[in-house]
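A, B, ... follow the sequence lines: proteins, then strands. Residue 1 opens every chain. Computed from a predicted structure; not experimentally measured. Values below: every heavy atom of this structure, side chains too, minus hydrogens, waters and symmetry copies.
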2 protein chains.
Amino acid sequence: MTTLKEIAQETGVSICTVSRVLNGKNREVWPGPAQRAERIRKIARKLGYRVNTSARAIRKGSFHSIAFVRHGTTRFSWYPQELLDGLEDEIAHHGYRLAMERLDEQQLTHPRTLPRFLRELSVDGFVVNIVCRMNDSLIKAFANYDRPTVWTNFRYHQDCVFPDDFGAARELVERLCGLGHRRIAYIAFDSMPGKDEEAQSLHYSVEDRPAGYAQAMEAAGLPSRVAIRPHSGQVLRLDYADSALREIAAWKPTAIIAGNLPEAASLRAVARARGISVPDDLAIATFAPDIEALALSAISAMVLPFRQVGKRAADLLFHKLNHREAQSFPPESVACTWRPAASTGDMPGYIQAAEPAETSGQKTLRTP
Amino acid sequence: MTTLKEIAQETGVSICTVSRVLNGKNREVWPGPAQRAERIRKIARKLGYRVNTSARAIRKGSFHSIAFVRHGTTRFSWYPQELLDGLEDEIAHHGYRLAMERLDEQQLTHPRTLPRFLRELSVDGFVVNIVCRMNDSLIKAFANYDRPTVWTNFRYHQDCVFPDDFGAARELVERLCGLGHRRIAYIAFDSMPGKDEEAQSLHYSVEDRPAGYAQAMEAAGLPSRVAIRPHSGQVLRLDYADSALREIAAWKPTAIIAGNLPEAASLRAVARARGISVPDDLAIATFAPDIEALALSAISAMVLPFRQVGKRAADLLFHKLNHREAQSFPPESVACTWRPAASTGDMPGYIQAAEPAETSGQKTLRTP
DNA sequence: TTGTAAGCGTTATCAC
DNA sequence: GTGATAACGCTTACAA
């Protein structure tokens, strides 16, 4: 690795001159020094000089590094690429770097096996992505480390940034009302009935989405109808979708809000199998990150703003870093945006290939 | 932050003694020094001492940090959490850390906007996760940086680690043969017909899986049958699944290998809608990472070993780091493992709720 | 504008 | 087993 020393020797000036020139701390108004500065830069380029960030860090007293902390158990952490994107953009803008760290279950109970990044604390702050509602011990554990911390995709009473799932559910109801829907049901496969221990490991949206739905329906003076199935880790639950749709069929809904995208996909698949056109006969709406690969044109969605969540988390972290007295901030929810279903929900190719509508018989869900 | 100096002052010994004790470089066989060492450790603990990794790095001449490089465009990178897990485990084992970095398209063409980690090169090596087959310029770009580099989930003629998709497809055929299947079709929705420019942006598995299938079928003396649909970014393509199943229905397959999990899920959904029992009437097999959430009990799969891919990538990177003369290594594919469908493929709950089988009419795919 | 010199926190060397 | 001393690469008063 090229050092300032080598460049100094090559150019015949002192080390600190090289440092100053390369950091742009000379005004370079006179021709002589300006020429010399140009020569220094040229040689630095020729030698492929890169500043040694460790040496710089040791002088500046900062690691210029933020840890992104996820849970060792996959389902206890959730972040789309977008969240990392937003985070990285903002962090890079401040000249910092993102270090991926993992926190395993037993590392919290046995401090002997603390992960390296906590043993060494070689970062300036934490962005935590542990989305389950565990007991407060974890949060207190982070409070003990003298580092600014921001929680992402997690709702708590302070220091957190998360998509406004409650507001999104409300807006979904309002949008559907605006489209003329009056009988809007809510279907989810991953809510737990009770407030038992297991429920504590669920993402806040599992509570907030149905709550937002219920509140908005009540505010609109409309009757709510909810069908819940117990959680299962499967990507498609056609059996759940089928039985949930049957459960509310007699109620004749014209729109359904699904708890998440796979659930919406399951519902759509079952609707198709029954010859119900989506969204023409039955609107399906849900919540989804803005990932191209998840595009489901027939399904309306509130788009979860994970890029902004990441960006905002970084903003708040740097604010904490620059104002060490500011110890915590109130919870921040980021608004979701409405993405209506494409009008060509059922693709011509499928319509043509589908079973003749009369064979599926069941039409109870169709609107008059 | 507590430093060695403070501990030295507190205990009344020299800085380097503290350093030695804390690094366990004293044998501590005599009682006197052993007691003193204990006292030093105690005070270090009391003061909350953490080694300054920057200072250590500057002394050791290493950043103790590996960059994980992903592409700024989401679809050009792909890594499950498992890959990161395997990588982190191995990296942490060597006392290194993982820095997340992103490479955007225009940063490659305009060197002015090089990302910080490449401008500063403050890592010891690169683990690259850019899975599209772009032109070689990117690979050459990395070769220019004097850092060991390993490519993951990417097949190339050197310096890469990836799941053995070709072998997995072969094994899928062999396993299905072992179960008595003779008419095995291959269905995929994301292969491009030609070798055009767009195809260069595809993952290697899009080629390797059908190729492995074709080779194994030929080796078994069985006729191949392939149905391909053009790529679309949607999570479910029931229309594709429907038309592809129709296309090969007359051939009367007893098993289908799907190009990936969403495709398998689409096929299963359509099979269900038609009253075809999976896997009893029609076996569906595919390729999938070992993520709990993707469990689809009725579908057989070759499990993609991403944890090992990550681990192996780290292994190879550290080998390169420790033997700087070893400039490159031949491509390494990691074997996948067979995960058969659960026998209770169609859940009783669904069967009960499903349309009566006679209404769907279409039984062409059933085996005699 | 430039050079000298000190110092950041740590580790390695080498006499003791 | 210990401690003085030097060194890692860089930044920055301060004096020239």
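A/D124 contributes a side-chain N or O that, together with a main-chain N or O of A/F63, makes up a donor-acceptor pair within less than 3.5 Å. Without hydrogens or angle criteria, B/D159 side chain to B/V150 main chain gives no donor-acceptor distance under 3.5 Å. Between the B/S77 side chain and the B/N129 main chain, a donor and an acceptor come within less than 3.5 Å of each other.
Bounding nucleotides for the chain A contact on DNA chain C, 5' to 3', at a heavy-atom distance below 4.0 Å, are C/dT1 to C/dG9.
Terminal axes of the helix from C/dT1-D/dA16 to C/dC16-D/dG1 (five pairs each, C1' rotation axis) are separated by 40°, to the nearest 10°.
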- Task: Begin from the C-alpha positions of B/D146 and A/R50 and carry the test salt bridge (charged side-chain N to carboxylate O under 4.0 Å, His left out) through to its verdict.
- Result: CA-CA 12 Å; B/D146 184 29; A/R50 327 267 173 174; over 6 Å; no
- Per-nucleotide protein contact along nucleotides 6-16 of chain D, 5' to 3', at a 4.0 Å heavy-atom cut-off (B base, S sugar-phosphate only, - neither), is BBBBBBB----
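When each of B/F154, B/Y204, B/F306, B/F162 is paired with B/W78, the ring-ring contact (aromatic ring centres under 6.0 Å, His included) condition holds for B/F306 and for no other.
With sequence neighbours left out, A/H93 forms a ring pair (Phe, Tyr, Trp, His ring centres under 6.0 Å) with no residue at all. Among residues two or more places apart in sequence or in another chain, the salt bridge (Lys or Arg N to Asp or Glu O under 4.0 Å) test is passed with B/D315 by B/K311, B/R312. Among residues two or more places apart in sequence or in another chain, the salt bridge (Lys or Arg N to Asp or Glu O under 4.0 Å) test is passed with A/E28 by A/R41.
Residues A/R97 and B/S122 have side chains that bring a donor and an acceptor to within less than 3.5 angstrom of each other. There is a side-chain donor-acceptor pair under 3.5 Å between B/R56 and B/N23.
Atom CZ of B/R27 and atom C1' of D/dT2 are 15 Å apart (whole Å).
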